Amino acid sequence: MEQKTEQNEKATKKQKIFWLIPLIIFIAFISYMMIRTIPGEVKETIVDTPVSTAGFVTLSDSFEDVLEDDIYDKDYYINLNGLTTKVLGINSLNERQKLENGYLALFEEPQDTQRDSNYVIELNQFLNERDIPFLFILAPGKASFYDAQTAPGYNNEAGSNIDNMINVLTDAGVPCLDMDAWFEENKWTIEDVFFKTDHHWLPQAGLQSARLTMDYLSGLGEVQYDPETLKEENWTVITLPDWSLGSDGKRTGIAYAGVDDFPVYFPNYATDYTYSYLQFHSKGWVYTDSPLNLSYMDYKDYFGSSVYDTYLYNNYPLQKITNSDAKNAQKVLIIGDSYRLPYMYFLSTQFQEIYGIDVRNYTDGSAAQYIEELQPDIVLMCTAVSEVSDVRIYMFGVSSYLTALDETDMDTDIVRLGDYKLEAGEGDQDCLTRVEASLERGQTYTLTVDSTAYSGGEDQYVQMTLQDLSTDEAVYNRYFDINSDEIQRWIFTVPEDTKDEYGIYFYAGTKEHTAGVTAELQNVTLRKGIFEK
C-alpha cells in the first residue's frame, strides 16, 4: 500500500512538472515581449504608480494596452497564448468561448429586444405608406444557435433574443424570415451554418436565405424567379483549404481552434456585373467589374486580412451592384450588417440593381432620407441577432425625417438654380462648382436635378456636397447617377447647433475621381422642406 502511495505521489509530481513547463515558457515569452515593446508612456506609468492595490490595477491595464496594440510580433504572442490556454484545457479566451465541437463563439446574453423591434416596426410602417414591400431577415448568432453545445459553465439562453424579436415583429405585422427556426426545422447543424473561427455565417447559409427571400417575393407577385438559379449545383464552388482565420480566431490564435476552409461561389450562368462602393467617411467611390474581391484568393494572411470580405469587399456605407443579365428590373435596397454581404451577392443574380447600406457607417444622412431619395421598389433587411445590442444598426432616422416632413410648407416657392455645366481640368479638384444659395441653419432642403449627362471621363456619379464654408469640410454628400434622364433628389438638413456658414458644391464625378470628367445638370432646383420628385 505504501509502495502504491509513493508511486502515485511520483506520478502527481510528473504531472505537475508537465503542466509547469508550458506555463514557464509562456511567462518567459510574455516577459520578453514586454521588454521589447514597452513604450515610454508605460515606463512613466511604472514610475508614477503608487505601491497599492489601485496602483497595481492601473499598471496591469497599461500592460494590457501594450499587449493589444504595440506588442512586437503580436501574432506570435496570440498564437502562444492560445496554445497555452488549449494545453491547460481552458474553454474561454479573450471574451470567446470554445463550444464542445471546438467552434469559437462570442458570449451572448439575453437582451431586451423591444427597442430595436420598435425601430423595425416604424421602418415597416414608413415603407407600407409608400407601397414598398419589406422583409426582415434575422440570422442567428453562433452561441445562441439552436444546437450550439456551449462550453461547460456557459449557456445559450441568448436564443430567447431571436424568439422575442420575431414574436414582437410578427405581432406588429412585419414580414419576417427567422433563419434560426428554418435551420432547426431542416436540421442544418452549426457546422452547416457557421465558420469555426469566425462569427459570420457561411456563404451557403447566405445562399439559402436568398432562396427563401425569392420564394417570399415571388409569392407576392413582385418578381420573376427561377429556383434553378439559386440551387447550389448551378454554382461553381472553389474551396480554399485552411485559408481563413476569422475574427474570433484572430483573438485566440491558430493553435486554439485551428483555421477555416473558405468557399467562393461563382454562378454557372451569364452575369454582366459592375460594382461600386463608397469608402468609409465618404472618402470617394471605388469602381470594379465584380462584387467579389478575388485578391483574397492569391495569398494567405491569417492575421492581416479578412477573407470574409471576398464578398463585396467590406461593410462599406453604400454599395451598388448592377447586373444587366438579371431578369428583374426592380431596384432593391438591402439594409444590414456584415451578414448581408454574401446574401446581397447571391441576390445580385436576380436583380438588375441592388443597393446596400450599412447604417453604422453611413454618414451622409439617415436611412429614411436615403430611401426617400432612392425610391427603391423593394427593401430588405438582413442582420444577425448577435448584433441586437448595437443600436446603430437600427437607427433608421424615420422619426426625425417624418418630423421634418410635417414641418414642410407646401407653399414654399421653388428656387430654380438653373442648368450647370461642370467642366473638369486635369486635376482631381478642378471640377468644383459652388452653388450660390442662402441656407438656413437647422432647415431641411430638397434639391432636385431633372437630368444628368456627361461628355467625358469614366465616373458613374455627380457628387453633391453640403460644405462647411468655415472649415472647408464636407458635412453631407449625395451621389447622382451621371447619365440619367430620371429626376434625382437630395434631401439634407443644415446643422443647427453652429454659427458656421454652409454652401452647396457640385463635383463632376466624385471627389478624388474627377480628372477628365465633364457633366451637365439640367434644371437644378432647391426648395425648403421635403418634396417628392
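All residue numbers in this chain count up from 1 along the given sequence. Scope of the values below: all heavy atoms of this structure, side chains included, with no hydrogens, waters or symmetry mates. Just so you know, these numbers come straight off a predicted model, no measurement behind them.
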Intermediate values then yes/no, side chain to side chain donor-acceptor pair (under 3.5 Å), Thr252 and Asn94:
CA-CA 7 Å; Thr252 57; Asn94 283 341; over 6 Å; no
How would you list, by chain and number, every residue that makes a ring pair (Phe, Tyr, Trp, His ring centres under 6.0 Å) with Phe346, sequence neighbours excluded?
Trp235, Tyr265
Of all heavy-atom pairs linking Pro342 and Pro203, the shortest is CB-CA, 4.3 Å
Are Trp243 and Phe262 near enough that their ring centres are under 6.0 Å apart?
no
Does any donor atom in the side chain of Asn268 or Thr236 lie under 3.5 Å from an acceptor atom in the other side chain?
yes
Geometric cation-pi criterion Lys98 and Tyr256, 6.0 Å radius, 45° cone
yes
Using only atom types and a distance under 3.5 Å, with no angle test, would you say the side chain of Asn328 pairs donor to acceptor with the backbone of Gln350?
yes
Show the numbers, then the answer: is there a side chain to side chain contact (heavy atoms under 4.5 Å, CB included) between Leu104 and Asp198?
CA-CA 7 Å; Leu104 299 178; Asp198 197 33; over 6 Å; no
Any side-chain donor paired with an acceptor under 3.5 Å for Gln114 and Asn118?
yes
Return the set of residues passing side chain to side chain donor-acceptor pair (under 3.5 Å) with Thr383 (not counting sequence neighbours), or none when no residue passes.
Asp337
Going by the ring pair (Phe, Tyr, Trp, His ring centres under 6.0 Å) test, which pairs reach into residues 90-116, not counting sequence neighbours?
Phe107-Tyr154
Value for CG (Leu466) from CZ (Phe492), rounded to nearest 0.5 Å, stands at 5.5 Å
Between Gln352 and Ser324, do the side chains contain a donor N or O and an acceptor N or O under 3.5 Å apart?
no
Verify, without hydrogens or angle tests, whether Glu184 (side chain) and Ala181 (backbone) share a donor-acceptor contact under 3.5 angstrom.
no
If you count the non-hydrogen atoms of other residues, nucleotides and ligands that lie under 6.0 Å from OH in Tyr273, is the total more than 12?
yes
If a pair satisfies salt bridge (charged side-chain N to carboxylate O under 4.0 Å, His left out) and one of its residues is in residues 211-236, list it, with sequence neighbours excluded.
Glu228-Lys231
Under 3.5 Å, which donor-acceptor pairs do the side chains of residues 190-197 form with other protein atoms, sequence neighbours left out?
unit_1 : atom_1 : unit_2 : atom_2 : d
Glu191 : OE1    : Thr189 : OG1    : 3.1
Glu191 : OE2    : Asn101 : ND2    : 2.9
Asp192 : OD2    : Thr189 : N      : 2.8
Asp192 : OD2    : Thr189 : OG1    : 3.1
Lys196 : NZ     : Ala257 : O      : 3.4
Thr197 : OG1    : Gly246 : N      : 2.8
Thr197 : OG1    : Asp260 : OD2    : 2.6

Tell me whether Gln111 at atom CD has more than 12 heavy atoms from other residues, nucleotides or ligands lying less than 6.0 Å away.
yes
Under 3.5 Å, is there a donor-acceptor pair between the Thr363 and His281 side chains?
no
Side chains of Val120 and Gln125: closer than 4.5 Å at any heavy-atom pair?
no
Minimum heavy-atom separation for Ile393 and Glu387, please, with both atom names.
CD1-CB, 3.4 Å
Tell me, please, which residues at least two apart from Phe126 pass ring pair (Phe, Tyr, Trp, His ring centres under 6.0 Å).
Tyr401
Side-chain donor/acceptor of Asn323 to backbone N/O of Ser348, under 3.5 Å
yes
Taking the six-membered ring for Trp, are the ring centroids of Tyr316 and Tyr277 within less than 6.0 Å of each other?
yes
Are any of the side-chain heavy atoms of Phe396 and Ile371 separated by less than 4.5 Å?
no
Pair Tyr343 and Tyr345, ring centroids less than 6.0 Å apart:
no
Contacts of Tyr311 that satisfy side chain to side chain donor-acceptor pair (under 3.5 Å) - sequence neighbours left out
none
Taking all atoms of both residues into account, what is the closest heavy-atom pair of Ala148 and Leu99, and its distance?
CB-CD1, 4.4 Å
What closest approach, in Å, do Leu333 and Pro376 show between heavy atoms, and which atom pair accounts for it?
CB-CB, 4.0 Å
So Pro152 and Asn91, do their side chains get closer than 4.5 Å, heavy atoms only?
yes
I'd like to know whether Asp325 forms a side chain to side chain donor-acceptor pair (under 3.5 Å) with Thr271, so could you lay out the CA-CA distance, the side-chain angles of the two residues, the decisive distance to 0.1 Å, and finally the verdict.
CA-CA 5 Å; Asp325 285 335; Thr271 55; 5.7 Å; no
Parallel under 30°, tilted from 30 to 60°, perpendicular over 60°: which one fits the rings of Phe134 and Phe136?
tilted
Which heavy-atom pair separates Ser338 from His200 by the least distance, and what is that distance?
OG-NE2, 2.6 Å
Sole residue of Ser386, Ser144, Ser389 in side chain to side chain donor-acceptor pair (under 3.5 Å) with Glu108:
Ser144
Applying side chain to side chain donor-acceptor pair (under 3.5 Å) to Asp390 and not counting sequence neighbours gives Arg392
Under a 3.5 Å cutoff, is there a donor and acceptor pairing between the side chains of Asn164 and Thr113?
no
Phe266 vs Ile238 side-chain heavy atoms within contact, under 4.5 Å:
yes
Test side chain to side chain contact (heavy atoms under 4.5 Å, CB included) on Leu138 and Leu177; report intermediate values, then the result.
CA-CA 6 Å; Leu138 187 60; Leu177 184 55; over 6 Å; no
Which residue pairs satisfy the ring pair (Phe, Tyr, Trp, His ring centres under 6.0 Å) criterion with at least one member in residues 358-388, sequence neighbours excluded?
Tyr362-Tyr370
What residues form a ring pair (Phe, Tyr, Trp, His ring centres under 6.0 Å) with Phe303, not counting sequence neighbours?
none
Residue pairs meeting ring pair (Phe, Tyr, Trp, His ring centres under 6.0 Å), one or both in residues 201-226, sequence neighbours left out, come to Trp201-Tyr339
Would the Trp285 and Tyr461 ring centres measure less than 6.0 Å apart?
yes
Is Gln208 close to Trp182 at the side-chain level, that is, under 4.5 Å between some pair of heavy atoms?
yes
Using the side chain to side chain donor-acceptor pair (under 3.5 Å) criterion, which residues pair with Ser160? Sequence neighbours excluded.
none
Counting only N and O atoms by type, is there a donor-acceptor contact under 3.5 Å from the side chain of Lys142 to the main-chain atoms of Leu106?
no
Return the CZ to OG distance between Arg340 and Ser209, rounded to the nearest 0.5 Å.
13.0 Å
Is it true that Tyr275 and Gln319 share a donor-acceptor pair across their side chains at a distance under 3.5 Å?
yes
Arg489 and Arg478: which non-hydrogen atoms are nearest, and at how many Å?
O-NE, 3.5 Å
Gln97 vs Ser92, side chain to side chain donor-acceptor pair (under 3.5 Å): CA-CA, chis, key distance, verdict:
CA-CA 4 Å; Gln97 62 168 307; Ser92 65; over 6 Å; no
Testing Ile378, Val223, Leu380, Leu230 one by one against Thr213 for a side chain to side chain contact (heavy atoms under 4.5 Å, CB included), which residue passes?
Leu380
